[in-house]
2 protein chains.
Amino acid sequence: MRATDVIATKRDGGELTTAQIDWFINEYTADRLPDYQAAALLMAIYLRGMSRRETVDLTLAMAHSGDVLDVHGDVDFAIDKHSSGGVGDKTTLIVLPIVVACGVPVGKMSGRGLGFSGGTLDKMESIPGWRAELTTEEFLRQLRRHGIVLCGQSANLAPADRKLYGLRDVTATVSALPLIAASIMSKKLAGGADGVVLDVKVGRGAFMPTVERAVELARLMVQLGEDAGKRMVALISDMNQPLGRMVGNALEVKEAIEVLRADGAPDLRAHCLAMAAHMLVLAGAAPDLVNARDMCQARLADGSAWDKFCLLVRVQGGDVRSVEKPTLLPTARLVQPVPSPHAGFIAAVHADKVGMASMALGAGRERKQDQVDHAVGVEVLVKVGDAVKVGAPLFAVHANDPERLVPAHEQLLSAVRWSDAPVKPLPLHYDVIT
Amino acid sequence: MRATDVIATKRDGGELTTAQIDWFINEYTADRLPDYQAAALLMAIYLRGMSRRETVDLTLAMAHSGDVLDVHGDVDFAIDKHSSGGVGDKTTLIVLPIVVACGVPVGKMSGRGLGFSGGTLDKMESIPGWRAELTTEEFLRQLRRHGIVLCGQSANLAPADRKLYGLRDVTATVSALPLIAASIMSKKLAGGADGVVLDVKVGRGAFMPTVERAVELARLMVQLGEDAGKRMVALISDMNQPLGRMVGNALEVKEAIEVLRADGAPDLRAHCLAMAAHMLVLAGAAPDLVNARDMCQARLADGSAWDKFCLLVRVQGGDVRSVEKPTLLPTARLVQPVPSPHAGFIAAVHADKVGMASMALGAGRERKQDQVDHAVGVEVLVKVGDAVKVGAPLFAVHANDPERLVPAHEQLLSAVRWSDAPVKPLPLHYDVIT
């Protein structure tokens, strides 16, 4: 087989065979094909698209490019979730303990933040001592013994995706739906999932700008997973404004604790209950969504979800006292409110702007190698639809560096739109794709 | 400026600015952009195309990526020719001496053969002692003193084209018209041409398979040249069957000598007169094509074109006796006729098959680093439209290696088609683009 023939086939709008896709991915992962040939193929895929069959083949080739985890010695059904990323999205921190408390063990691999999107591992690492990196043996042992794991991806999980993702990033080929879908689903398949609940975010703070495009991506991923024999469901959820009230690492842990121990922000609580309920249904632990939701609320109410969170902290080396008493978590030196310069109804709180303000305070990364400051971030005190008076606090900025206060303040004000007429609140979810 | 923004603009079907094109070509030539970003841009250009303005900008950026020759100290008007390559195409060896004998000095850079297409320099190098590689200083001095030069491209002529061509070859992005046109024209502009006569071949033995596509490429190159302030004309010429009678290096020199000293093959002679006449008109040395053609025929008849050929051989170190007495040129040990197995009218002599047979005998290169055998090749004894009897010679194979005779014989027979009904001869030219 010759790389130029594979490239030319896709260039001319043809369908690649399973053998061509397997060969290209294997050779590229093994460094036997140069980046420039992969770059030409990626651009051809970007512009010519891929059939459903090709996308499944690409996903499977990428999933099998490294280790494939098999957890069936330890759990009957491996349920997983995936969020396409957003601002204030601490869903995993809440959903995992709930589902585990409902009797469904979960071992989940997660990622770090880049750009204005936060990362689950960065958030958990604001808990002193908590360790994100586990070996495969530690992962499996903890899953068997405690039924709950949250950790980083093992180095040899879908190495083809790692290599291709790096190349897409520098060749303007990131935003092609088949490539996005294959990237996400290959990692889920390599992680051994039997079922996945996808949380596809849409809006200003999400990768997908429109509901149409988010639905298209979600459908493709659901199809991919089902073609690979998995149970799939996707929620299309709003990311025009941040989820919940907190943006920043320790701040988001504190908010997750609020939901687990008390009520927390209504939108965040409702979103987590919906995600957890879908996971229970997919895993066969509840007959339907209504029953599943009741189970989840009961496990929140009786404290058993909270216990599972403490277990997750403890078994991975974290200081449980700091989550029992969150004032022990990293705390910023300066907290400054951002008062509203106008009266009216809140028409927008642009999630991307809030995410960038938080990143500029030090909570996120511009480049992979950057360090994050766990203490800093933004408290979001208004939601779209709220009525505010002049001087009412819109945000509270949590900073360690006084010089970063003013730019964050300005960035946050630029995130808000006011309206004289009443504004309808944003929906939490736009669609469910099964 | 960021490479990904340039790539994304073309990916989305936008028009690149002059500044974007200049920047990308400069950075890539200076090895400050990686091959994979250039590969992604090439595929985006392949699939999205380029406007006329973009193609001119690309051509100029590539032309100025290295040295640009200025011959105006030595000649008033620099006339050049370019052939898109074919089988049996020894046109330059005949046209150059004719034009120079008509009083128009010509300094021409040429190339070597690859695949089944022959290269002018390889042909000339079958003359013992003749040297193709000249420094820029030698080139200019010889042009001033003798008015005739034929040599290889200087190393720093359009280095962007050299780098991009190598990359196109391995990323399936060769056959995009704007990239082909920019590659050819950038070298002509860097070589300092004021006017170019293009010989765009079409058919089985050419890069362009159809007249439509050849005309499209020719129009684009004529436009490009004119937009860059040059005088341009393009002949669309047949390459379904080989040009003339001889294919192979020394064999083609011998055939060129025949045309210059006697009559030679009618098709070859007619094509060379047409090319030379267009060059004279573009250079302003003749008022029109009819006059120009008369001048060329007179210079052939009075022996002055032949004298210029001998001058070209002598000043570049070649042995003039070997062209005066062509039996002294490299000669193959074995000459074997290929008799016709059928009677009828010749319906096709596929130039590509003849070229491959010649290459298999050792006359051409499969890879750049291969050596060529100057003595071997194929004599083509029939043209489309000829009537043949069973046993009449179709070809004569000139070989040095007896083991290569049988495969060449078979390859050559597969090149021929017979018809019971009379067949019209192929036209020499399909169109002239001005």
Chain B contact via A44(A) - side chain, backbone, both or neither, heavy atoms under 4.5 Å: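 Both parts, backbone and side chain.
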At a heavy-atom separation under 4.5 Å, does [X] approach chain A through its side chain, its backbone, both, or neither?
{"X": "D169(B)", "value": "backbone"}
{"X": "R48(B)", "value": "side chain"}
{"X": "L41(B)", "value": "neither"}
{"X": "A8(B)", "value": "both"}

Taking atom [atom1] of [X] and atom [atom2] of [Y], what is their separation to the nearest 0.5 Å?
{"X": "T18(B)", "Y": "E54(B)", "atom1": "OG1", "atom2": "CD", "answer": "9.0 Å"}
{"X": "D57(A)", "Y": "T17(A)", "atom1": "CG", "atom2": "OG1", "answer": "8.5 Å"}
{"X": "M62(A)", "Y": "S65(A)", "atom1": "CE", "atom2": "OG", "answer": "7.0 Å"}

With chain A, which of L42(B), V6(B), L167(B), L47(B) has the greatest number of heavy-atom pairs at distances under 4.5 Å?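 Sorted descending by pairs with chain A, the first entry is L47(B).
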Close side-chain approach of M359(A) and R365(A), heavy atoms under 4.5 Å: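 Heavy-atom side-chain distance check fails, nothing below 4.5 Å.
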Run the side chain to side chain donor-acceptor pair (under 3.5 Å) check on Y46(B) and S175(B) step by step: do they pass? CA-CA 8 Å; Y46(B) 189 105; S175(B) 55; 3.0 Å; yes
Using a 6.0 Å distance limit plus a 45 degree cone around the ring axis, check whether K163(A) lies over the aromatic ring of Y28(A).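 Verdict for Y28(A): a cation-pi partner in K163(A).
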Pick from R11(A), M43(A), R2(A) with the largest number of heavy-atom pairs that fall under 4.5 Å of chain B: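 Top option by heavy-atom pairs under 4.5 Å: R11(A).
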